[in-house]
Amino acid sequence: MSLKEFLLAVYERLLEFYGYQRWWPIDTSYHSRMDTDPRDEIIISAVLVQNTSWKNVEKALERMKRKGILSLDFVRKVDEKTLQELIRPAGFYRLKSHRLKEVAFFLNPTEKVSYVKRQELLKVRGIGKETADAILLYAGNRLNFVIDKYTHRLMERLYGLKGSYEDLKETFEKHLPKDVEIYKEFHALIDEHAKRFCKSTPLCGGCPVKEMCISADPSS
DNA sequence: CCCCAGGGACATT
DNA sequence: AATGTCCATGGG
């Protein structure tokens, strides 16, 4: 089986097992009610979720909706101290309030997310490769595969596939169909699978891709 | 008590 | 290029 066939087979098996993940969750009724851009919610939460559980991000988003406005305009206008208190549950709150300001001024207007160059987005302080690719893919609907530590771990275990962030990103983008919906779902499925089975100490018993994994423990 | 979460910047080796 | 440290809240 070629790498191309392998990646697609893993994707289809994970999709079959877990179903559609539908990242990024968006409160569409909020944005139509408040006349705010849903892409703002994705951009803001992409920063908030850095090394943080989604659960804690949701708490911060709720506070922004309740005591502020969940939009990049609000982030630009609110004073940093207030912003810190709103996002506190997401952790690293002093760091992240500054990062939110940086990205909110850079992605102004929000429409810029659909044409800005990746290299330019990466110059924003606080926006690394994963956050940049997540913003481009999920908010910009652009063909940018997102790599994270789960992707590294899973691919090394499944196929012995190692490499830098850019190496892995190129591999996925070279072999997968050029389809943003597949990019979005596959990344989400990889994360879900890494959390449920392919943890730091893997739970190979019941793993949906055990049969295609070079390092699965056959006895478990 | 421990470890980890949908990372990134910066320093050190 | 690889590894270490800091940033912080919340849950298991």
Side-chain angles (χ1 to χ4, degrees), chain A residues 11 14-15 18-27 38-64 66-67 80-104 106-107 118-140 142 144-156 162-170 172 180-203:
Chain A
Y11 169 68
L14 292 179
L15 181 58
Y18 296 108
Y20 281 98
Q21 302 299 300
R22 306 212 170 273
W23 281 15
W24 221 277
I26 286 301
D27 188 347
R39 293 174 294 188
D40 288 11
E41 178 172 347
I42 298 175
I43 294 161
I44 289 166
S45 45
V47 170
L48 294 180
V49 80
Q50 291 172 353
N51 201 40
T52 299
S53 66
W54 182 254
K55 201 90 177 178
N56 286 5
V57 174
E58 287 181 315
K59 296 178 193 296
L61 295 178
E62 272 311 306
R63 289 163 70 97
M64 286 189 72
R66 186 175 170 77
K67 303 190 174 182
E80 202 151 341
K81 197 71 185 171
T82 305
L83 186 55
Q84 286 179 10
E85 287 314 308
L86 292 178
I87 68 169
R88 183 190 276 271
F92 304 127
Y93 60 92
R94 288 188 290 272
L95 196 57
K96 286 175 177 175
S97 63
H98 189 254
R99 291 180 177 180
L100 284 177
K101 286 279 188 183
E102 293 278 321
V103 73
F106 182 77
L107 289 179
R118 179 175 188 260
Q119 282 308 113
E120 296 302 312
L121 186 53
L122 283 171
K123 290 179 185 171
V124 178
R125 308 303 288 160
I127 305 299
K129 289 176 178 143
E130 185 181 339
T131 307
D133 289 332
I135 289 172
L136 292 173
L137 177 60
Y138 291 97
R142 293 169 60 182
N144 248 222
F145 201 83
V146 180
I147 305 296
D148 59 8
K149 61 181 174 185
Y150 294 141
T151 315
H152 283 280
R153 187 167 76 200
L154 180 62
M155 286 306 141
E156 182 171 356
K162 290 198 276 190
S164 68
Y165 185 102
E166 302 293 347
D167 290 341
L168 231 53
K169 176 180 167 67
E170 281 178 34
F172 278 88
V180 292
E181 296 309 317
I182 292 180
Y183 279 30
K184 289 180 180 179
E185 277 305 317
F186 200 1
H187 173 64
L189 285 164
I190 287 170
D191 280 28
E192 182 63 20
H193 179 60
K195 280 188 273 193
R196 295 232 215 142
F197 289 95
C198 209
K199 307 157 81 125
S200 40
T201 55
L203 306 174

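Bear in mind that the values here come from a model prediction, so they are computed numbers and not experimental data. All chains are named by letter (A, B, ...) in the order of the sequence lines, taking the proteins before the strands, and each is independently numbered beginning at 1.
Looking only at distances, a side-chain donor or acceptor of A:Gln50 sits under 3.5 Å from a matching main-chain atom of A:Gly126. Judged by distance alone, with hydrogens and angles left aside, the side-chain atoms of A:Thr131 form no donor-acceptor pair with the main-chain N or O of A:Ile127 at under 3.5 Å.
Remark: A:Lys162 does not engage A:Asp167 in a salt bridge, criterion side-chain N to carboxylate O under 4.0 Å. Salt bridge A:Lys169/A:Glu166: absent, no basic N to carboxylate O contact under 4.0 Å. Between A:Lys81 and A:Glu85 no salt bridge is recorded (no basic side-chain N to carboxylate O distance below 4.0 Å). Here A:Lys59 does not pair with A:Glu62 in a salt bridge; the nearest charged N to carboxylate O distance is not below 4.0 Å.
A:Lys96 comes within 4.0 angstrom of nothing in the nucleic acid, heavy atoms only.
The interatomic distance linking A:Leu122 (CG) with B:dG7 (P) rounds to 16 Å, in whole Å. Look at NE2 on A:His98: it is 12 Å from P on B:dA9, rounded to the nearest Å. Across the protein-nucleic acid pair, A:Leu137 atom CG and B:dG6 atom P stand 17 Å apart, rounded to whole Å.
Contacts between residues 185-197 of chain A and DNA chain B, defined by a heavy-atom separation under 4.0 Å, are made by A:Asp191, A:Lys195. For DNA chain C, the neighbouring residues in residues 49-59 of chain A, judged by any heavy atom under 4.0 Å, are A:Asn51, A:Asn56, A:Lys59. Of the residues in residues 84-95 of chain A, those with a non-hydrogen atom less than 4.0 angstrom from any atom of DNA chain C are A:Arg88, A:Pro89, A:Gly91, A:Phe92, A:Tyr93, A:Arg94, A:Leu95.
Contacts of A:Asp40 classified as salt bridge (charged side-chain N to carboxylate O under 4.0 Å, His left out), with partners at least two apart in sequence or in another chain: none. Partners of A:Glu181 under the side chain to side chain contact (heavy atoms under 4.5 Å, CB included) rule, at least two apart in sequence or in another chain, are A:Asp179, A:Lys184. Scanning for side chain to side chain donor-acceptor pair (under 3.5 Å) contacts around A:Glu102 gives an empty result, with sequence neighbours left out. Shown here are the salt bridge (charged side-chain N to carboxylate O under 4.0 Å, His left out) partners of A:Glu170, two or more places apart in sequence or in another chain: there are none. Contacts of A:Arg153 classified as salt bridge (charged side-chain N to carboxylate O under 4.0 Å, His left out), with partners at least two apart in sequence or in another chain: none. Listed by chain and number, the residues in a side chain to side chain contact (heavy atoms under 4.5 Å, CB included) with A:Glu130 are A:Val146, A:Asp148, A:Tyr165 (sequence neighbours excluded).
Between A:Arg153 and A:Thr131, the residue anchored nearer the 5' end of DNA chain B, judged by the nucleotide with its closest heavy atom, is A:Arg153. Between A:Trp24 and A:Ile127, the residue anchored closer to the 5' end of DNA chain B is A:Trp24, taking for each the nucleotide with the nearest heavy atom.
Between A:Tyr138 and A:His187, the ring planes lie tilted relative to each other; the angle falls in the 30° to 60° range.
Using P as the reference atom, C:dG10 and B:dG8 are 22 Å apart when rounded to the nearest Å. With both ends at atom C1', the span from B:dG6 to C:dA2 equals 24 Å, rounded to whole Å. Between B:dC2 and C:dT5, the two P atoms lie 16 Å apart (nearest whole Å).
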Enumerate all atom pairs, one protein N or O and one N or O from nucleotides 10-13 of chain B, separated by less than 3.5 Å.
residue, atom, partner, partner atom, Å
B:dC10, OP1, A:Arg125, NH2, 2.7
B:dC10, OP2, A:Arg125, NH2, 2.0

What nitrogen or oxygen pairs link the protein and nucleotides 1-4 of chain B at under 3.5 Å?
none

| query | Which is it for A:Thr52 and A:Lys96 under the side-chain hydrogen bond (donor to acceptor under 3.5 Å, both in side chains) test, yes or no, and what are the steps along the way? | reply | CA-CA 11 Å; A:Thr52 299; A:Lys96 286 175 177 175; 2.8 Å; yes

| request: Output, in order, the C-alpha distance, side-chain angles, deciding distance and verdict of side chain to side chain contact (heavy atoms under 4.5 Å, CB included) for A:Leu15 and A:Gln21. | output: CA-CA 9 Å; A:Leu15 181 58; A:Gln21 302 299 300; over 6 Å; no

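Of the inter-residue distances, the one linking A:Leu100 atom CG with A:Met64 atom CE reads 6.5 Å to the nearest 0.5 angstrom.
With a 4.5 Å cut-off on side-chain heavy atoms, A:His193 and A:Tyr18 count as touching. Considering only heavy atoms from C-beta on, A:Arg88 stays 4.5 Å or farther from A:Gln84 through its side chain.
Between A:Phe186 and A:Phe172, the ring centre distance stays below 6.0 Å.
A 4.0 Å heavy-atom criterion places the boundary nucleotides of DNA chain C facing chain A at C:dC7 to C:dG11, written 5' to 3'.
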